[in-house]
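Please read the structure below before turning to the comments.
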Amino acid sequence: MEPLNEQLVERIDRYIEHLFTPADAALTQDLKEADAAGLPPIQVSPNQGKLLYLLVKIVGAKRILEIGTLGGYSTTWLARALAPGGILVTLEREAKHAEIARRNLERAGVGGAVDIRVGPASESLQDLIRKGAEPFDLVFLDADKVGYVEYLELSLQLSRPGTLILADNVIRNGLVLDEHPDDATDRGVRAYNQAIARHPRLESLILPIVRKRIDGMAISVIR
Ligand code: SAH
Ligand code: DHB
Ligand code: MG
């Protein structure tokens, strides 16, 4: 196989970013605050943020569920595209991340639409199911990859026909091509990709994403 031209991949990402994702004060500040607080820089890229934003608009989502908040960068993109009166529930295990996210979301002017729930995602999801939460229009998975298959199954119980289910980091620069990965994250992502590929209730595809490396966003719609 030809070695990946990383420089070219990065230039393509920047070219798209330059055209369609101009820098924005609130989002730039989100990243600064997250960095100052020592959060890992693992948020979606600007172009992926724009993709999330467009998908929310395309489906006219009024109820969004996000799994994995970090400093609220992807949350800001998603919340900005919400239909009027819409809400976003985002799940985060780390109280410190949730606190940074809360401040960032308030500053970006979307705090009123966002409900951050602190705790392990599987518990928060089970809680939403128990309480009979209304179905979500769009779900974005981006927490620990080992949990992806479980989050998918729980999210299906919080969805309806037509709900869009998205998952970040499903290619991992090709690490998922290994049939028997040593790494639990790679195994988790492979299991997720298999699950959405053959799930009777889903129609799916992975959209490769060029960033510094090649990653992917899984897109599924419920039949
Ligand atoms: N969506 C964010 C990035 C999320 S990074 C963005 O693009 O801006 C992944 C986040 O998931 C981290 O903040 C991590 O603390 C959280 N996380 C990891 N495991 C979790 C779990 N089991 N339950 C809830 N959150 C979890
Ligand atoms: C990493 C990137 C992510 O988008 C994520 O959700 C988790 C980890 C990473 O680069 O390590
Ligand atoms: Mg991610």
Side-chain angles (χ1 to χ4, degrees), residues 6 10 13 21 24 26-35 37-53 55-56 64-81 88-105 107-108 110 114-128 138-155 165-176 183-186 188-189 192-193 206-219:
E6 286 190 26
E10 218 173 319
D13 188 31
T21 317
D24 162 302
L27 289 164
T28 306
Q29 197 62 24
D30 273 9
L31 296 179
K32 265 199 191 154
E33 302 280 337
D35 185 55
L39 267 51
I42 56 171
Q43 67 284 335
V44 295
S45 68
N47 287 334
Q48 277 180 288
K50 180 70 181 277
L51 173 64
L52 293 172
Y53 174 96
L55 288 169
V56 171
I64 298 175
L65 175 62
E66 178 180 60
I67 306 177
T69 317
L70 194 65
Y73 181 81
S74 56
T75 320
T76 302
W77 275 108
L78 291 163
R80 281 179 168 179
L88 187 160
V89 176
T90 184
L91 313 181
E92 174 54 54
R93 189 183 54 195
E94 306 298 328
K96 179 184 163 186
H97 297 186
E99 196 188 309
I100 308 292
R102 170 50 56 201
R103 281 209 299 273
N104 278 337
L105 295 162
R107 209 196 38 254
V110 293
V114 179
D115 175 359
I116 309 178
R117 309 222 174 157
V118 181
S122 53
E123 285 178 21
S124 299
L125 289 165
Q126 275 155 14
D127 193 53
L128 284 163
L138 184 148
V139 181
F140 175 48
L141 275 62
D142 195 20
D144 61 298
K145 317 309 173 206
V146 173
Y148 267 21
V149 171
E150 186 190 1
Y151 304 151
L152 171 67
E153 286 306 324
L154 294 170
S155 296
I165 300 190
L166 312 173
D168 192 27
N169 312 115
V170 297
I171 293 297
R172 294 177 48 75
N173 210 37
L175 288 173
V176 294
D183 181 72
T185 291
D186 297 334
V189 169
Y192 182 81
N193 293 343
I206 293 169
L207 189 64
I209 300 278
V210 297
R211 203 173 169 182
K212 290 199 176 78
R213 293 161 168 230
I214 297 181
D215 212 323
M217 181 82 82
I219 303 182

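In listed order, ligands and their atoms are each counted from 1. Note that the coordinates shown come from a computational prediction; the quantities given were computed from them, not determined experimentally. Sequential numbering from 1 along the given sequence is applied to the chain's residues.
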For [X], take its heavy atoms, then give the atoms of ligand 1 lying under 4.0 Å from any of them.
X	value
Asp142	1 (N), 2 (C), 3 (C), 4 (C), 5 (S), 6 (C), 7 (O), 9 (C)
Pro120	23 (N)
Tyr73	8 (O)
Gln43	6 (C), 7 (O), 8 (O)

Given that the side chain starts at C-beta and the backbone is N, CA, C, O, which of these parts of Asp168 lies under 4.0 Å from ligand 2, counting heavy atoms, or is it both or neither?
->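 Answer for Asp168: side chain.
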Would you mind checking if Arg107 and Asp30 are paired as a salt bridge, meaning a charged N to carboxylate O distance below 4.0 Å?
->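 The answer is yes: the pair qualifies as a salt bridge.
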Thinking salt bridges, do Lys145 and Asp168 make one under a 4.0 Å N-O criterion?
->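 Salt bridge absent between Lys145 and Asp168.
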Mode of [X] contact toward ligand 1 - side chain, backbone, both, neither (heavy atoms, under 4.0 Å):
X	result
His97	side chain
Asp168	neither
Ala143	both

Does [X] come within less than 4.0 Å of ligand 1, judged by its heavy atoms?
X	value
Tyr151	yes
Gly147	no
Ser122	no

Report the member of [options] with the shortest heavy-atom distance to [atom].
atom	options	answer
atom 26 (C) of ligand 1	Lys145, Gln48, Glu150, Arg93	Arg93
atom 8 (O) of ligand 1	Ser74, Ala98, Pro41	Ser74
atom 21 (C) of ligand 1	Leu70, Val146, Leu52, Asp144	Asp144
atom 9 (C) of ligand 2	Asp215, Leu141, Thr185, Ile42	Ile42

For Gln43 and Ser74, does a side-chain donor sit closer than 3.5 Å to a side-chain acceptor?
->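 Absent: no donor and acceptor within the cut-off.
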Flag for Asp215-Asn173: side-chain donor and acceptor within less than 3.5 Å = no
Atom nearest to the Mg ion (ligand 3) - Asp168, N, O or S atoms considered =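 In Asp168, the N, O or S atom with the shortest distance to the Mg ion (ligand 3) is OD2.
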For Asp142, the N, O or S atom at the shortest distance from the Mg ion (ligand 3) is OD1
The Mg ion (ligand 3) to nearest N/O/S of Asn169 less than 2.8 Å |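 Yes, since at least one N, O or S atom of Asn169 sits under 2.8 Å from the Mg ion (ligand 3).
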Residue from Leu27, Ile42, Leu39, Asn104 passing side chain to side chain contact (heavy atoms under 4.5 Å, CB included) with Tyr73 |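 Testing each of Leu27, Ile42, Leu39, Asn104 against Tyr73, the sole residue satisfying side chain to side chain contact (heavy atoms under 4.5 Å, CB included) is Leu27.
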List every atom of ligand 2 that sits less than 4.0 Å from any heavy atom of Asn169, numbering the atoms from 1 in the order shown and giving each element.
-> 2 (C), 3 (C), 4 (O), 5 (C), 6 (O)
Under 3.5 Å between some N or O of ligand 2 and some N or O of [X]?
X	value
Arg211	no
Gln43	no
Ala143	no

Atom 12 (C) of ligand 1 [closest protein heavy-atom partner, distance rounded to 0.1 Å] | Glu92 OE1, 3.5 Å
So which heavy atom in the protein is nearest atom 5 (S) of ligand 1, and how far is it from that ligand atom?
-> Ile42 CD1, 3.6 Å
Side chains of Thr75 and Leu105: does their closest heavy-atom pair fall under 4.5 Å?
->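 Yes, close enough: below the 4.5 Å cut-off.
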Assess Lys145 for proximity to ligand 2: is some non-hydrogen atom of it under 4.0 Å away?
-> yes
Kindly confirm or rule out an N or O of Glu94 lying under 3.5 angstrom from an N or O of ligand 1.
->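 No; every N/O pair is 3.5 Å or more apart.
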Rounded to the nearest 0.5 Å, what's the gap from OG1 on Thr69 to CZ on Arg102? Could you check?
->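 Interatomic distance, Thr69 OG1 to Arg102 CZ, rounded to 0.5 Å: 10.0 Å.
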Please lay out, stage by stage, how Tyr151 and Asp144 fare under the test side-chain hydrogen bond (donor to acceptor under 3.5 Å, both in side chains).
-> CA-CA 10 Å; Tyr151 304 151; Asp144 61 298; 2.5 Å; yes
